[in-house]
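Worksheet for the structure shown next.
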Amino acid sequence: MDQCSVQLLDDIRTPECRAFAEAWQGWRGAELVPRRAQVRLEDIVKILPMVSVVEITSPEVATIRLFGTALYDAMGVDLTGLNFFDMITPEFRALRVARTCQSASQPCGSLYTRCMVYQSGRAVLTEGLALPVMPNDPSAGPQNFVVSMALDDPRMDGGAADPGQLPMPENFRFVDIGAGVPDLSLGLAD
């Protein structure tokens with residue numbers, strides 16, 4: 001395992017995100033990014049309910065191809081087929097697009113926390129780890145496999161307060177998988 005991988009594992013807080021990172025490392029072997037054909041879902045069967053897959057097709061569209069059952073239970077709605085870029089308030093859309101497109105083109109991963117607020121008003125801090133996977137079909141867009149896991153009590157309180165929105169991550173950082181990482185500012189004005 002390379003030094004970047006060791007650093008990533010040191011920074012991950014949840015066992016689910018750690019298990020995903022270790023499986024992803026096995027899928028890619030000596031390659032920078034694994035191809036979809038190399039992904040062995042049996043390696044992550046226990047965490048599949050917490051997995052989403054986002055396919056980046058353009059700077060306007062990033063389609064959620066898979067939305068795990070635990071994520072559905074947490075949000076109270078299935079986000080499969082929706083545009084990930086549309087699931088943010090307008091003032092943060094450009095940043096979400098820039099981060100997502102940069103992670104696909106660099107390529108690199110990302111590690112972050114996100115505060116999810118439920119209908120009860122309870123806020124749950126969630127860790128997210130996104131790592132790239134290249135499609136088997138070269139005409140398809142690159143994908144980010146994302147694992148999201150609550151850092152504390154994962155109990156859901158009637159679904160997300162705003163199920164059509166995925167809040168901007170806090171403590172976001174790109175993860176170097178061997179190709180470097182983009183500048184966090186991405187040229188966007190503060």
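- Put simply, CD1 on Ile177 and CD on Gln25 are 9.0 Å apart, with the number rounded to the nearest 0.5 Å.
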Only pairs under 3.5 Å count here: list side-chain donor-acceptor contacts from residues 165-172, not counting sequence neighbours, and write none if there are none.
| unit_1 | atom_1 | unit_2 | atom_2 | d |
| --- | --- | --- | --- | --- |
| Gln165 | OE1 | Ile88 | N | 3.4 |
| Gln165 | OE1 | Thr89 | N | 3.0 |
| Asn171 | ND2 | Thr113 | OG1 | 3.1 |

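- Scored by the salt bridge (charged side-chain N to carboxylate O under 4.0 Å, His left out) test, Asp78 finds no partners at all (sequence neighbours excluded).
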All N/O donor-acceptor pairs, side-chain side in residues 143-151, below 3.5 Å, sequence neighbours left out:
| unit_1 | atom_1 | unit_2 | atom_2 | d |
| --- | --- | --- | --- | --- |
| Asn144 | ND2 | Ser103 | OG | 3.3 |

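- Atom CZ of residue Arg13 and atom CG of residue Leu111 lie 9.0 Å apart, to the nearest 0.5 angstrom.
- Nearest approach of Gly141 to Pro135, heavy atoms of both residues: O-CG, 3.5 Å.
- Annotation for Val97 and Pro59: closest pair CG1-O, 3.3 Å, computed over non-hydrogen atoms.
- A salt bridge is defined here as a Lys NZ or Arg NE, NH1 or NH2 lying under 4.0 Å from an Asp or Glu carboxylate O, and Arg173 with Asp11 meets this definition.
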Under the side-chain contact (heavy atoms from CB on, under 4.5 Å) criterion, do Leu48 and Leu41 qualify, and how do the steps go? CA-CA 8 Å; Leu48 271 175; Leu41 294 179; 4.1 Å; yes
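- Between Pro132 and Trp24, the shortest heavy-atom contact is O-NE1, 2.8 Å.
- Side chain of Asn136 to main chain of Ala37: a donor-acceptor pair is present (N/O by atom type, distance under 3.5 Å, no hydrogens or angles).
- For residues 27-51, there are no ring pair (Phe, Tyr, Trp, His ring centres under 6.0 Å) pairs, not counting sequence neighbours.
- Residue Leu71 is not grouped with residue Val117 when hydrophobic side chains (ILVMFWY) are merged at heavy-atom distances under 4.5 angstrom, including chains of intermediate members.
- Between the CZ atom of Phe174 and the CD atom of Gln106 there is a distance of 8.0 Å, given to the nearest 0.5 Å.
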Yes or no on side-chain contact (heavy atoms from CB on, under 4.5 Å) for Phe84 and Thr63, after CA distance, side-chain angles and deciding distance? CA-CA 6 Å; Phe84 175 64; Thr63 305; over 6 Å; no
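- Smallest separation of non-hydrogen atoms from Ala23 and Asp43: CB-CB, 4.0 Å.
- Listed by chain and residue number, Glu60, Val61 satisfy the side-chain contact (heavy atoms from CB on, under 4.5 Å) test with Ser58 (two or more places apart in sequence, or in another chain).
- In this structure, CZ in Arg28 is found 8.5 Å from CG in Leu131, a value given to the nearest 0.5 Å.
- Nearest heavy-atom pair, Ile12 versus Ala21, reported as atom, atom and distance to 0.1 Å: CD1-CB, 3.8 Å.
- The residues Glu55 and Arg65 are annotated as salt-bridged, a charged nitrogen and a carboxylate oxygen being separated by less than 4.0 angstrom.
- At a threshold of 4.5 Å between non-hydrogen side-chain atoms, the residues Val124 and Cys115 do not count as touching.
- A cation-pi arrangement is not found for Arg96 relative to Phe85, the charged atom failing to lie both closer than 6.0 Å to the ring centre and inside a 45° cone about the ring normal.
- Checked against side-chain hydrogen bond (donor to acceptor under 3.5 Å, both in side chains), Arg93 has the following partners two or more places apart in sequence or in another chain: Asp86.
- Within the model, atoms CE of Met134 and CD of Glu31 stand 11.5 Å from one another, a figure rounded to the nearest 0.5 Å.
- To the nearest 0.5 Å, atoms CG (Leu184) and CD (Gln102) are separated by 11.0 Å.
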Verdict with supporting geometry, Leu66 and Ser52, side-chain contact (heavy atoms from CB on, under 4.5 Å): CA-CA 5 Å; Leu66 172 75; Ser52 58; 5.8 Å; no
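- Inter-residue side-chain proximity for Phe20 and Arg18 is flagged as unmet; no heavy-atom pair is nearer than 4.5 Å.
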Cys101/Ile56 under side-chain contact (heavy atoms from CB on, under 4.5 Å): CA gap, chis, key distance, verdict: CA-CA 7 Å; Cys101 290; Ile56 302 100; 4.2 Å; yes
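- Nearest heavy-atom pair, Val77 versus Phe67, reported as atom, atom and distance to 0.1 Å: O-CE2, 3.6 Å.
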